[in-house]
Amino acid sequence: MSSDLLEARLAKLRRLRELGHDPYGRRFPATLPSAIVRRKAEPLQLAPGATDDRARIRVAGRIVLLRDMGKLAFLHLRDADGDLQIGVSRRDVGDAAWELFKLLDLGDLLGVDGVLGRTKTGELTVWARSLTLLTKCLRPPPEKWHGLQDVDLRYRRRYVDLFVNPDVMRTFRARLTIIESIREYLRSLDFWEVETPTLQPLHGGAAARPFTTHHNTLDMTLFLRISPELYLKRLLVGGMERVFEISRNFRNEGISPRHNPEFTMLELYQAYGDLSDMMEITEGMIRAAINRIGGGAIRPFGVHAINFNPPFARRRYFDLLQEFAGVDGRDAAAVQARAASLNIPTQGMDDAIVINKVFEALVEPHLVQPTFVIDYPADLCPLTRRKPDDPSIAERFELYVACTELANAYTELNDPAVQRETFTRQLRGEGDETMRVFDEDFVMALEYGMPPAGGLGVGIDRLVMLLTNAPSIRDVILFPLQRPRAGADEAQHP
RNA sequence: GAGGGCGUAGCUCAGUCGGUAGAGCAACGGCCUUUUAAGCCGUGGGUCCUGGGUUCGAGCCCCAGCGCCCUCACCA
């Protein structure tokens, strides 16, 4: 960057030091968040132009707006809750503080001690009695009105994005609230929160390529988990009857508005339960999250209005294929023909994979409102129990919202013999052979006996996207993966 | 990995047919005690993403590269 902007601020920093101010200040206790200040102001019934001299108020935050009128100035101080107007009058603060004020810039972190009042136009204002520089900002912040728009810079300098764009802060605060509400809900159902390995000698529980790493002392290859599933089920064997984990998973696959190489997944398992329990929990959990973040059950998402009121629709996989693809999913030849008409390559692929490609192409675009898709072809579901009256159908649902998979659940397979067989079978057309790995120890665990159980996985990032109307997964992950950018100004980082 | 789009001042953006690089905000100097994107007067600020090429002359045209966004594929 051109160094004059930086130099101007450095010059002020030197001057501040000369005047005895620490440009990298210290503890500034007893401040109130701006939201609390606003709440406290209400019962005071301050008239426009009035001040209340009785109580001193201390606030701290970043200067995001500054209007200087010579001997009087207004500035907006931003904290994690929002903005608060500060009034600085030369008459009230004295010449020394005014000199300090003159050396402040947009972006500086400031502590204010003052009294509450309202301006002539009625805006709540803390009239400063003293000012304390808390940290000098050396770089000019982005424009006050448009903020930081460049998506690349927003992700690379999320710290700027957060203090400049209040919507971004709100989104991540909503993310926190959603996750909190899920924890609370599951705890209320007596689920135990557990932690299982991120570094795994075998990657299992999903079909995806893993990231590979190496442990030096043990001289062994390790994989970053693609899923915690097989460990959580081992805990069922051990007698933990209801467990959940909110885990960061890593998949070495493509990046898209709905995929980040690391993402957050909720997985839970309930002994002596099944698919129907998982449906109830899914609906209850989403309801709990919506109640906590507010905004109602009918929510905008892009061009859609999504109705999250339970119960969600339940639709059979083959019925949906019939309705939207006009094809009988059990008629392999008809499905092949449909796939061919869509230019979907089917060469050497198993029927189940072809069917699913047709489903993704023709059915998913219609699944806007929350829909439990049930009765999946068993071949697609290696860890799922089959229906007792029809072993070709798995007891599984996927929850679709806004044409995207949000959750996935099954009645868990606990028959070690069947598990051993499905582990060994690799479907043709299902990615490459690194995806399914035989986990002998997991089968042994099943041989000790895993209780019949229901299991559920929910993509937390996607849930947050849906509930905050975020178009990209990068909008709900604080530091999404970006390629490093070498540049003179950027130095080596990020 | 394939296709398409974008990259100009600290930020948000204009830039016509290839002919001296522009605005607003921010910055700097001055005025201003109730502003709401405050206002007024003045000043400075550019690796036009990078590297080649075409041309008398390139921000603009061509080639290559880098980064980001979108679509598709893998995946959730």
Side-chain angles (χ1 to χ4, degrees), chain A residues 1-9 11-12 48-49 51 64-76 83 85-92 98 105-107 117-123 125 127 137-157 160 164 205-210 226-227 249-265 267 343-345 357 360-361 398-400 404-408 429-432 434-435 457-463 465 471-474 480 482-490:
Chain A
M1 122 182 146
S2 68
S3 61
D4 55 333
L5 295 171
L6 197 62
E7 186 45 50
R9 285 165 179 253
K12 289 180 185 175
T51 55
V64 293
L65 205 76
L66 205 155
R67 304 187 189 98
D68 179 1
M69 275 159 293
K71 298 191 182 63
L72 172 72
F74 293 99
L75 46 89
H76 286 193
D83 295 356
Q85 176 160 280
I86 309 298
V88 185
S89 160
R90 181 169 190 169
R91 195 196 299 136
D92 290 346
W98 190 254
D105 284 302
L106 289 174
R118 285 191 189 280
T119 61
K120 283 178 185 170
T121 51
E123 175 150 356
T125 300
W127 288 102
C137 172
L138 294 178
R139 288 178 182 262
E143 204 208 348
K144 59 188 173 189
W145 186 244
H146 297 94
L148 187 64
Q149 299 290 326
D150 184 297
V151 285
D152 187 23
L153 273 187
R154 284 186 44 224
Y155 299 146
R156 285 182 200 282
R157 301 189 195 160
V160 177
V164 162
R209 272 180 292 273
I226 58 172
S227 154
N249 294 345
F250 307 85
R251 297 189 183 175
N252 207 338
E253 306 279 0
I255 296 176
S256 86
R258 292 182 152 80
H259 299 85
N260 195 64
E262 48 181 309
F263 65 104
T264 302
M265 180 106 149
E267 286 205 12
N343 292 319
I344 295 173
K357 288 197 180 295
E360 285 168 7
E398 289 206 1
L399 174 63
Y400 279 86
T404 304
E405 198 183 329
L406 176 64
N408 180 15
E430 185 196 52
D432 63 45
T434 63
M435 284 186 174
V458 179
I460 294 296
D461 312 281
R462 287 184 176 176
L463 179 61
M465 284 172 68
S472 168
I473 196 168
R474 279 169 290 215
Q482 301 281 102
R483 265 199 163 90
R485 197 160 70 166
D489 190 39
E490 255 69 32

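Quick caveat, the model's predicted, so the values are computed rather than measured. Letters go in sequence order (proteins before strands), and every chain restarts at 1.
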Checklist entry - So does A/R67 get a side-chain nitrogen or oxygen closer than 4.0 Å to the phosphate oxygens (OP1/OP2) of B/rA38? => result yes
Give [X] one of three labels, base, sugar-phosphate or nothing, depending on what nucleic acid heavy atoms sit under 4.0 Å from its own.
X	result
A/W127	base
A/D68	base
A/L65	sugar-phosphate
A/G147	sugar-phosphate
A/N343	nothing
A/K144	sugar-phosphate

Nearest-nucleotide pick for [X], side chain only, options being [options]:
X	options	result
A/Q85	B/rA27, B/rU35, B/rU12	B/rU35
A/M69	B/rC11, B/rC32, B/rA76	B/rC32
A/F74	B/rU33, B/rU35, B/rA26	B/rU35
A/D105	B/rC74, B/rA76, B/rC28	B/rC28
A/T125	B/rC28, B/rC74, B/rU35	B/rU35
A/S89	B/rU33, B/rA26, B/rA76	B/rU33
A/E143	B/rA26, B/rG24, B/rA76	B/rG24

Next on the checklist: As a quick check of understanding, evaluate side-chain hydrogen bond (donor to acceptor under 3.5 Å, both in side chains) for A/T404 and A/R258, giving each step before the final call.
Outcome noted: CA-CA 9 Å; A/T404 304; A/R258 292 182 152 80; 2.5 Å; yes
Suppose we define a pair by two distances each less than 3.5 Å, Watson-Crick or G-U wobble; what does [N] pair with here?
N	result
B/rA9	none
B/rG42	B/rC28
B/rC61	B/rG53
B/rG3	B/rC70

Checklist entry - Any donor-acceptor pair under 3.5 Å between the side chain of A/E123 and the base of B/rU34? => result no
Say we look at [N] and [M]: how far apart would their [atom1] atoms be, to the nearest angstrom?
N	M	atom1	answer
B/rG19	B/rC60	P	11 Å
B/rC31	B/rA21	P	35 Å
B/rU47	B/rA64	P	27 Å
B/rG15	B/rC49	P	15 Å
B/rU33	B/rU20	C1'	45 Å

Item to check | A/R156 side-chain N/O to A/R483 backbone N/O, donor-acceptor pair under 3.5 Å | outcome: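 Side chain of A/R156 to backbone of A/R483, a donor-acceptor pair under 3.5 Å: yes, one is there.
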Item to check | Which residue lies more 5' along RNA chain B, comparing A/L66 with A/R251 via nearest heavy atoms | outcome: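 Closer to the 5' end of RNA chain B: A/L66.
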Checklist entry - Would A/Q149 and A/H146 count as having a side-chain donor-acceptor pair, cut-off 3.5 Å? => result no
Please enumerate all protein N or O atoms sitting under 3.5 Å from an N or O of nucleotides 69-73 of chain B, with distances to 0.1 Å.
from   : atom 1 : to     : atom 2 : distance (Å)
B/rC69 : OP1    : A/R474 : NH1    : 2.7
B/rC70 : OP2    : A/R474 : NH2    : 2.9

Checklist outcome for this item: In whole angstroms, the gap separating C1' of B/rC31 from CG of A/L72 amounts to 15 Å
